[in-house]
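Convention: sequence-line order gives letters A, B, ...; per-chain numbering from 1.
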Amino acid sequence: MAEYNFREIEKKWQKFWDEKKIYKTANYSPKPKYYILDMFPYPSGAGLHVGHPLGYIATDIVTRYKTLKGFNVLHPMGFDSFGLPAEQYAIQTGQHPAKTTEQNIRRYKEQLLNMGFSYDWDREVQTSSPDYYKWTQWIFLQLFGSWYNKKTDRAESIGTLIEIFEQSGNRNVYAACDEDTPEINADQWKMMDEAGKQKLLLKYRLTYQAETTVNWCPALGTVLANDEVRDGLSVRGGHPVIRKSMLQWIMRITAYADRLLSGLDRIDWPEPLKEMQRNWIGKSFGCIVRFKLAGSDLEMVVFTTRVDTIFGVTFMTIAPEHERIREFTAPGQWKSVEAYINSVRDKSERERMSEVKTITGVFTGSYVIHPFTGKKIPIWAADYVLAAYGTGMVMGVPGSDTRDFAFAKHFNLPVIPVQTGDHTDISRPDFDASKGTMINSSFIDGLPVEAAIKKATEKVEELGFGKSKINYRIRDAVFSRQRYWGEPFPIYYVENIPCPLDEEKLPLLLPEVDAYLPTESGEPPLGRARDWKYLGKFPYELNTMPGWAGSSWYLFRYMDAHNEKEFCSKDAQQYWENVDLYIGGSEHATGHLLYSRFWTKFLFDRGYITVDEPFKKLINQGMIQSRSNFVYRIKGTNRFVSYNLKDDYDTQQLHVDISLVDNDILNIEGFRKWNPEYARSEFILEGDRYYCGAEIEKMSKSLFNVVNPDHVIEKYGVDTMRLYEMFLGPIEQSKPWNIHGIDGVSKFLKKFWRLYHDDSGVFAVSDEEPGENELKILHKTIKKAEEDIRNFSFNTSVSLFMICVNELQSLKCNKRKILEPLALIISPYAPHISEEIWRLLGNKESIFNSAYPVYEPAYVVEDTFEYPVSVNGKLRAKIILSLDLPEDEIRKSVLELDAIQKWLEGKPPRKLIFVRGKIINIVI
RNA sequence: GCGCUUGUGGUGAAACUGGUAUACACGCUGUCUUCAGGAGGCAGUGCCCAAAAGCAUGGGGGUUCGAGUCCCCCCAAGCGCACCA
């Protein structure tokens with residue numbers, strides 16, 4: 001008896017799709033376009049695990065559905081192939097990262113092809129390929145050749161800035177630039193030598209060099225971005241990170257802070273992710289206030305969001321790392337301040353993090369004059385002030401700010417309450433600094449906080465020692481890495497001045513090196529490359545670009561992947577615009593997803609593209625976790641005790657490979673073979689079984705809980721795996737991988753197959769006309785399947801198919817006119833079996849090129865005459881009424897119904913509750 | 001501490017704008033063909049009960065004829081940010 005043979009079917013159709021290039025997409029079509037993108041993977045050595053395909057299956061379903069609906073769909077795939085693991089492997093083995101990367105990509109591709117995804121592989125991109133990184137370098141050059149004009153609120157060519165300089169210097173330039181940019185006039189500009197001019201321009205370029213304190217990771221030998229560091233450790237590898245000053249390439253993303261923020265309102269992204277980006281950008285409205293130093297012309301400038309509390313200032317604070325701290329220190333105090341600076345400097349991020357609660361600081365011996373009261377206010381240095389936020393200096397208001405309060409208490413500084421509330425301990429939750437009215441505050445006394453801020457801001461502006469200001473938390477992004485396996489910068493140096501390489505010379509190929517470690521003198525690995533000089537004499541940049549460089553614009557390369565003249569042709573970009581649907585993990589919230597928005601806005605400003613957001617709709621697929629299993633060894637022995645008996649012994653919990661466990665029952669023989677250490681183990685069983693413990697954890701090799709999709713595919717087939725991953729639950733939700741339910745899905749596909757075959761397994765469908773009942777089942781399914789795909793509710797779709805197939809089976813329906821559309825509806829989810837059935841039904845074209853059936857509303861309309869009804873929301877009955885009757889008639893017929901009449905106890909209904917034309921409730 | 005999200009059977013989970021809560025699947029129980037092969041069919045399965053009635057969507061209030069869904073207060077879990085002035 002013939003059965004559903006997935007092995008044969010899947011191989012057959014994958015080969016066919018590949019050979020006939022079924023999934024090739026044209027750049028021009030009379031059909032409407034739809035662009036669906038997956039976050040491309042980094043091809044690691046471990047291959048794909050079952051978590052990877054989750055998002056890919058979802059995009060594939062939407063792709064197939066949209067294609068059936070008559071869209072021209074772009075659905076490409078590629079590889080984010082520059083990165084640390086390949087390089088680390090290279091350091092260990094000496095093997096060129098390009099080679100490892102190539103092997104890994106081959107394996108990934110093989111796995112992806114096995115899953116029957118409809119990618120147009122002709123458009124594949126690899127960020128580490130010179131054809132690709134040529135354009136990453138090109139975009140870098142465009143950034144280098146641009147500045148941000150805040151008057152026009154967009155990036156412009158650096159040439160327009162030079163023109164302005166020549167005419168009127170930089171006095172009237174309103175640009176995103178370095179804080180320390182000196183003011184010059186046109187004559188001064190013209191008098192400057194080339195080096196001086198370039199130095200000045202560098203302060204305006206959208207990518208620039210600066211000496212900055214960076215996160216230096218000694219173990220990785222590189223600098224990390226803020227989002228690559230967590231708790232003072234590198235996200236990758238968990239090595240300690242320290243603060244170090246280095247000359248770095250930096251992206252002026254702060255120029256786009258406001259547009260990155262406002263753009264969020266126009267894109268369809270998950271709210272939590274938008275919120276993460278909002279917090280990261282961290283816009284806050286406040287005020288800059290200048291305090292004159294006592295006995296000096298110097299001024300201390302602070303940023304505050306609560307200028308209304310200025311009458312409560314009892315001390316000033318400056319970050320110990322602040323570059324101007326010496327100016328604010330009395331000569332006699334310098335020694336103790338310097339000692340304090342040193343003690344703070346050597347602490348790593350981690351140490352500072354864990355010492356959040358300890359209060360340290362030192363008096364600088366200097367004072368400022370309070371602008372309103374004229375009182376002398378002492379200046380302190382304290383590490384609770386961040387050098388990088390605001391001006392690196394704050395005014396201490398212990399009456400309203402809990403941190404200032406804690407500091408004042410610790411050093412016994414006075415507290416002046418400036419707003420109503422109990423000030424004995426303002427860190428208690430019943431004190432809310434954002435509420436109340438002002439006291440002890442001269443002209444703002446009695447005003448509520450909000451009004452007080454407004455009035456105080458006006459006053460300081462009027463008196464000229466302050467100005468309202470919008471401050472951002474986001475900082476410019478460090479863009480260089482001291483690594484080998486990344487894009488080389490198209491930059492060479494003439495007397496230490498960075499010069500852009502001519503665009504014609506791109507790509508600047510990554511040179512060969514003899515080892516992938518920094519040089520002995522501490523230069524990055526490119527320092528090992530021979531003749532790494534432009535024209536043989538001007539040294540090239542030794543840093544390479546970070547991982548996010550290539551991924552910040554890849555969506556555009558897919559549109560025109562083989563273009564040798566442009567990163568993407570205007571025509572192709574205008575046709576595809578931007579991504580309609582993007583699916584990937586939320587871990588890229590403040591990395592890739594922010595940087596790609598930044599580069600897109602930049603390319604838009606410079607007229608290279610017509611969209612200023614890369615991804616219209618974003619869905620975060622949840623993480624697939626894993627269920628780890630444990631065995632319990634009695635301490636100091638080689639005896640293992642079954643889960644429910646373990647409390648009787650003193651045991652140690654050990655991870656066991658989940659492939660040795662079925663339904664929490666341990667395969668004892670397998671376990672003995674797994675590790676020689678356990679070959680002679682003894683077991684204390686429950687009955688004749690050893691039960692393991694279990695816990696949900698991250699999927700990781702080291703926890704022995706990784707599930708390789710290859711095994712699942714081998715056992716059940718790809719279509720079953722695809723359906724099952726969707727059936728598992730909503731796509732956005734993180735959930736543990738659990739194989740136990742897969743039999744249900746597997747059964748469903750077998751039933752589906754059997755619908756088209758008779759009892760002896762021979763393909764057989766009837767050409768009989770379907771009855772209304774069968775049509776109803778079909779059209780209900782079509783309708784619901786469309787709704788589900790529109791809502792990305794794939795799990796309910798799978799249930800729906802099961803119901804449909806069960807119903808048809810119980811009707812013994814084998815009619816072509818029902819079964820042919822059914823194969824089409826299921827095809828986005830289970831393409832192989834559907835294609836096979838489609839061909840058995842005699843179709844010549846691939847199911848991928850067919851048209852999704854249209855449902856007939858007539859067959860979907862529910863029974864309109866039978867309603868559930870309750871009386872006073874309690875009793876229920878089904879009554880039969882006509883929709884067309886006027887309300888009075890309905891009321892009459894309700895009273896005539898015996899059952900209802902009994903409940904009504906003869907009283908006429910006071911009110912009939914209608915919902916969508918149906919009586920739902922009767923109120924007495 | 002702040003922000004966001006989520007709490008429904010033994011398990012994964014359904015439930016459209018408030019309208020018969022627990023669809024579908026797993027698991028479990030019984031059973032049939034009879035097989036020891038991860039096969040197929042049928043019936044049962046929220047809780048308490050012999051049954052009827054009753055009670056059930058983390059807990060407590062509220063709005064409503066009617067609340068898993070809306071509002072308020074708690075509790076728990078997950079994620080993100082974290083001295084941001």
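Straight-line distance from the CH2 atom of A/Trp269 to the C1' atom of B/rU5: 18 Å, rounded to whole Å. Summarising the geometry, the separation between CG on A/Asp308 and C1' on B/rA85 is reported as 12 Å, rounded to the nearest angstrom. Taking atom CD of A/Glu787 as the reference point, atom P of B/rU17 lies 11 Å away to the nearest angstrom. We find that NE2 of A/His588 is positioned 17 Å from P of B/rC79, with the value rounded to whole Å. Atom CD in A/Glu587 sits about 15 Å away from atom C1' in B/rG78, given to the nearest Å. Straight-line distance from the CG atom of A/Asp401 to the P atom of B/rC83: 13 Å, rounded to whole Å. Rounded to whole Å, atom C1' of B/rC28 lies 14 Å from atom NE2 of A/His740. Atom CG in A/Asn806 sits roughly 13 Å away from atom P in B/rG40 (whole-Å rounding).
Stacking of A/Arg597 on the aromatic ring of A/Trp280 is not recorded, the 6.0 Å distance cut-off and the 45° axial limit not both being met.
Base pairing analysis places B/rU69 opposite nothing; no Watson-Crick or G-U wobble pair with both distances below 3.5 Å involves it. Look at B/rU57: it lacks any Watson-Crick or wobble partner with both distances under 3.5 angstrom. B/rC35 makes up no base pair with any nucleotide shown, lacking Watson-Crick or G-U wobble contacts both under 3.5 Å. Both distances falling under 3.5 Å, in either a Watson-Crick or a G-U wobble arrangement, place B/rG30 opposite B/rC42. Pairing partner, B/rU5: B/rA77, with both Watson-Crick or wobble hydrogen-bond distances short of 3.5 Å. With a cut-off of 3.5 Å on both pairing distances, B/rU63 has no Watson-Crick or G-U wobble partner at all. For B/rA52, there is no paired nucleotide, since no Watson-Crick or G-U wobble pair has both relevant distances below 3.5 Å. The nucleotide B/rG18 finds no pairing partner, because no Watson-Crick or G-U wobble arrangement with both distances shorter than 3.5 Å includes it.
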Stepwise, does the ring-ring contact (aromatic ring centres under 6.0 Å, His included) test hold for A/Phe315 with A/Phe407?
CA-CA 10 Å; A/Phe315 59 95; A/Phe407 191 80; 5.3 Å; yes
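Spacing of C1' atoms, B/rC16 relative to B/rU11, comes out at 26 Å, to the nearest Å. Taking atom P on both B/rC79 and B/rU45, the two are 39 Å apart, rounded to the nearest angstrom. Across B/rG27 and B/rA82, the matching P atoms stand 45 Å from one another, rounded to whole Å. If you take atom P in B/rA25 and the same atom in B/rG41, they sit 11 Å apart, rounded to whole Å. Across the C1' atoms, B/rG9 and B/rG80 are found 32 Å apart, a figure rounded to whole Å. Nucleotides B/rC49 and B/rC75 have their C1' atoms positioned 32 Å apart, rounded to a whole Å. A distance of about 10 Å separates the C1' atoms of B/rA56 and B/rA21, rounded to the whole Å. B/rA52 and B/rU57 are spaced 25 Å apart, taking the C1' atom of each and rounding to whole Å.
Residues A/Ile789 and A/Tyr829 share a closest heavy-atom pair of CG1-OH, 3.5 Å. Closest approach of A/Gln419 and A/Ser400 over heavy atoms only: OE1-OG, 2.6 Å. Considering every non-hydrogen atom in both A/Pro371 and A/Ile310, the closest pair reads CG-CD1, 4.2 Å. Between A/His757 and A/Trp753, the shortest heavy-atom distance links the atoms ND1-O, 2.7 Å.
Applying the salt bridge (Lys or Arg N to Asp or Glu O under 4.0 Å) definition to pairs two or more places apart or across chains, none involves residues 789-799 of chain A.
With sequence neighbours excluded, the residues forming a salt bridge (Lys or Arg N to Asp or Glu O under 4.0 Å) with A/Asp308 are A/Arg306, listed by chain and number. Every residue meeting the side chain to side chain contact (heavy atoms under 4.5 Å, CB included) condition with A/His779, not counting sequence neighbours, appears here in chain and number order: A/Leu775, A/Ile782, A/Tyr855, A/Glu856, A/Tyr859, A/Val860. With sequence neighbours excluded, the residues that form a salt bridge (Lys or Arg N to Asp or Glu O under 4.0 Å) with A/Lys784 are A/Asp788.
Of the N and O atoms on the side chains of A/Thr796 and A/Ser793, at least one donor lies less than 3.5 Å from an acceptor on the other residue.
OP1 or OP2 of B/rA85 has not a single side-chain nitrogen or oxygen of A/Tyr384 nearer than 4.0 Å.
Heavy-atom nearest nucleotides on RNA chain B were determined for A/Val394 and for A/Leu800, and the one closer to the 5' end corresponds to A/Leu800. Closest-nucleotide positions on RNA chain B for A/Gln809 and A/Thr305 were compared, and the one nearer the 5' end corresponds to A/Gln809.
To the nearest 0.5 Å, the span separating CG on A/Asn620 from OG on A/Ser734 amounts to 9.5 Å.
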Mind listing the N/O atom pairs, protein and nucleotides 13-15 of chain B, below 3.5 Å?
unit_1, atom_1, unit_2, atom_2, d
B/rA13, OP1, A/Gln733, OE1, 3.0
B/rA13, O3', A/Asn795, ND2, 3.4
B/rA14, OP1, A/Asn795, ND2, 2.9

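Of the candidate nucleotides B/rA25, B/rC81, B/rC83, B/rC81 has the atom lying nearest to any side-chain atom of A/Arg473.
Contact check of residues 271-278 of chain A against RNA chain B (heavy atom, cut-off under 4.0 Å) returns A/Pro272, A/Glu275, A/Met276.
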